[in-house]
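Comments concern the structure below.
For the single chain, residues carry numbers from 1 onward in sequence order.
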Amino acid sequence: MLTVASPADALAAIQEHFGAIRTRVVSVPLAESLGRVLAEDIRSREDVPGFDRSTMDGYAVHAQDTFGATEALPAMLKPVGTVHMGQVPAFSLNKGECAYIPTGGELPQGADGVVMVEYTENLNDGFLYVQSSIAPGANVIYRGDDVKEGQLLMKQGQVIRPQEVGALAALGVPLAPVYERLRVGILSTGDELVEVSAPQTGSVVRDVNTYALSAGLSAIGAEPVRYGITKDDHASLTAALSIALRECDAVLISGGSSVGTADMTRRIIDEAGRPGVFLHGVAVKPGKPTIVGDIGGKPVFGLPGHPVSAYFIFRIFAAPILQRMMGVIREQPREAFAIMGRNVPSNHGRQEYLPVALTEEDGRKVALPVASKSGLITTLVGADGFVCIPRDAEGLMRGQHVTVTLF
Ligand code: AMP
Ligand code: MG
């Protein structure tokens, strides 16, 4: 018997069981930190840049010495040195003096601005002719202008992108504190399933879910552990789940989640430990026969075998909690706004996830349902995302504005 929960209740129950669990904190080399989740706030331990530096090739000056300078009436300054990259200038500037400085060079003591080289003329007669007036601070980045010591730069729970990797490098953080990846076991169940390399003879079905779910897990930063195909047989399933639970932090079982005679997923999850299954049946389409169990704090999902259902349930109910366990604070779904290109009835009393393809018509984005009764392959391969049709809606009307969650 399925006691069907609403999607919101299902998500809340999942959150209640696992929402407070986090994986361990580990340090990873910066070069391997992309996509990982920060386990600590990152504050700068120093000012960046660490010195006042020029943003231009030009001459370091006392700005006041240039006041009123024009092309017709240049200021005459005395060059007293050259700034070299990566070296603290060994001299300081007195009034009336200047020094050549390259972009990124350290401003000598006494200087408070840089005149671009384009506004100067060096006739090698012992003077530099400055043809433009600059304000104090012109073309200079001061120590700490980018980041001040103690400044909060990144927050715990943030996913590290290339720009964060760069910022951590600038801050002198060679090891990023991140949450350990979650190891998630995948079991595909079904007497009809065969390996991907097997011929399609008779009524066998190639195992799609092992690969689709594995890729889905990799995409959210988890570490998939594939246990292959298991027959619809109590002993085999029990043994496979027991190994997966020993080796992993969470398990996805696909197939056998309904109430047919060969459907054993609920029972084997329940028998695996405490507190056991707390959810069986969610009012969604596709994917109603969904099971979620809690085995000693490890989530075990019983996903429907149909690959489209398995994918949607993974994406909507499993992925968010797995990401949360890996420390992700909020994962903004990528969305597009479009208008429906066709009427779509939907009145079966369940929230529906409708795969759509996006096209452009007269400069407007149009969402077209990827029609197929229960196409395994074409439905998701042809879709750019999905539209969520609420339970009490009669469907979608052609021309209606919709939000498409992008895959
Ligand atoms: P089940 O949820 O076990 O009742 O399976 C529902 C449908 O999905 C059946 O047609 C199965 O053959 C199919 N199916 C189950 N598991 C997989 C899988 N791993 N790959 C492809 N199809 C599957
Ligand atoms: Mg089955």
Here the pair of heavy atoms bringing Ile389 nearest to Ala393 is CG2-CB, 4.0 Å

How about Tyr179 and Gln156: does a side-chain donor come under 3.5 Å of a side-chain acceptor? yes

When rounded to the nearest 0.5 angstrom, what distance separates NZ in Lys78 from CG in Leu93? 12.0 Å

Hey, is the main chain of Val194 close enough, under 3.5 Å, to the side chain of Arg206 for a donor-acceptor pair? no

Just by distance, do the side chain of His280 and the backbone of Ser257 share a donor-acceptor pair under 3.5 Å? yes

Residues Tyr353 and Gln351: side-chain donor-acceptor under 3.5 angstrom: yes

Could you check if a side-chain atom of Pro320 sits within less than 4.5 angstrom of a side-chain atom of Arg315, using non-hydrogen atoms only? no

If we ignore hydrogens and angles and just use 3.5 Å, is the side chain of Asn122 paired with the main-chain N or O of Leu128 as donor and acceptor? no

Reported OG1-to-CG distance for the pair Thr230 and Leu193, which is rounded to 0.5 angstrom: 9.5 Å

Say whether, by atom type as modelled, one donor and one acceptor occur between the side chain of His62 and the main chain of Gln64 under 3.5 angstrom. no

Aromatic contact between Phe407 and Tyr311, with the criterion being ring centroids under 6.0 Å apart: yes or no? yes

Does Arg22 use its side chain to pair, donor to acceptor, with the backbone of Gly19 at less than 3.5 Å? yes

Could you check Leu368 against Val356 for side-chain contact (heavy atoms from CB on, under 4.5 Å), going step by step and ending with a plain yes or no? CA-CA 5 Å; Leu368 281 173; Val356 294; 5.9 Å; no

Can you tell me how far the CD1 atom of Ile141 sits from the CZ atom of Arg143, to the nearest 0.5 Å? 14.5 Å

The test is side-chain contact (heavy atoms from CB on, under 4.5 Å); show your working for Lys365 and Val404 and say whether it passes. CA-CA 11 Å; Lys365 210 167 261 170; Val404 179; over 6 Å; no

Is it true that Phe386 and Phe312 have ring centroids separated by less than 6.0 Å? yes

Just verifying a value: how many Å separate Leu241 CG and Cys248 SG, rounded to the nearest 0.5 Å? 10.0 Å

Please, which pairs that meet salt bridge (Lys or Arg N to Asp or Glu O under 4.0 Å) have at least one residue in residues 267-281, sequence neighbours excluded? Arg267-Glu271

Decide yes or no for His84 and Tyr100: does some side-chain heavy atom of the first lie under 4.5 Å from some side-chain heavy atom of the second? no

I want to know whether Phe337 and His401 have ring centres closer than 6.0 Å. no

Residues, nucleotides or ligands: over 12 heavy atoms within 6.0 Å of Gln163 CD: yes

Straight-line distance of Lys95 NZ to Leu77 CG, nearest 0.5 Å: 10.0 Å

Note, Arg350 side chain near Lys288 side chain (heavy atom, < 4.5 Å): yes

Stepwise salt bridge (charged side-chain N to carboxylate O under 4.0 Å, His left out) test for Lys148 and Asp47: CA-CA 5 Å; Lys148 297 261 182 298; Asp47 288 339; over 6 Å; no

Taking the side chain from Thr290 and the backbone from Leu303, do they hold a donor-acceptor pair closer than 3.5 Å? no

Give me the atom names and distance for the closest heavy-atom approach of Val147 to Ser44. CG1-CB, 3.4 Å

Is the number of heavy atoms from other residues, nucleotides or ligands within 6.0 Å of CD (Glu71) greater than 12? no

Given side-chain contact (heavy atoms from CB on, under 4.5 Å), test Gln15 with Arg324 step by step and report yes or no. CA-CA 9 Å; Gln15 173 70 22; Arg324 182 144 188 95; 3.5 Å; yes

Side chains of Val184 and Val251: does their closest heavy-atom pair fall under 4.5 Å? no

Taking all non-hydrogen atoms of both residues into account, name the closest pair between Ala60 and Pro108 and its distance. CB-CD, 3.7 Å

Val370 and Ala357: which non-hydrogen atoms are nearest, and at how many Å? CG2-N, 3.7 Å

For residues 216-225, dump all side-chain donor-acceptor pairs below 3.5 Å to protein atoms at least two apart in sequence or in another chain.
unit_1: Ser218; atom_1: OG; unit_2: Ser214; atom_2: O; d: 3.2
unit_1: Glu223; atom_1: OE2; unit_2: Arg183; atom_2: NH1; d: 3.0

Heavy-atom count around Glu335 CD within 6.0 Å, excluding the residue itself: above 12? yes

Looking only at side-chain N and O atoms, does Glu352 offer a donor or acceptor that is under 3.5 Å from a partner on Ser346? yes

Backbone N or O of Gly276 within a donor-acceptor pair of the Asp294 side chain at under 3.5 Å? no

Is the backbone N or O of Pro49 less than 3.5 Å from a side-chain atom of Asp146, with the two atoms forming a donor-acceptor pair by type? no

Backbone N or O of Pro177 within a donor-acceptor pair of the Ser27 side chain at under 3.5 Å? no

Nearest non-hydrogen partners of Ala318 and Phe301, listed with the distance: CA-CZ, 3.5 Å

Could you check Met154 against Glu164 for side-chain contact (heavy atoms from CB on, under 4.5 Å), going step by step and ending with a plain yes or no? CA-CA 8 Å; Met154 298 166 215; Glu164 275 82 34; 3.7 Å; yes

So do Leu245 and Val300 actually touch side chain to side chain, heavy atoms under 4.5 Å? yes

Side-chain H-bond candidate by donor/acceptor type, Glu247 with Tyr227, under 3.5 Å: yes

Please say which of Ile253, Leu187, Asp232 ends up in a side-chain contact (heavy atoms from CB on, under 4.5 Å) with Thr265. Ile253

Measuring only between side-chain heavy atoms, which start at C-beta, is Met325 closer than 4.5 Å to Phe18? yes

Side-chain heavy atoms of Val114 within contact of Leu107, under 4.5 Å: yes

Spatial distance of atom CG (Asn139) from atom OG1 (Thr55) [nearest 0.5 Å]: 4.5 Å

Where the side chain of Ser54 meets the backbone of Met56, is there a donor-acceptor pair that is under 3.5 Å apart? yes

Are the side chains of Ile321 and Ile14 in contact, using a 4.5 Å heavy-atom criterion? yes

Looking only at the side chains, is there a donor atom on one of Ser188 and Asp207 sitting less than 3.5 Å from an acceptor on the other? yes

Who passes salt bridge (charged side-chain N to carboxylate O under 4.0 Å, His left out) against Arg246, sequence neighbours left out? none

Shortest non-hydrogen contact from Arg45 toward Glu149: O-CG, 3.5 Å

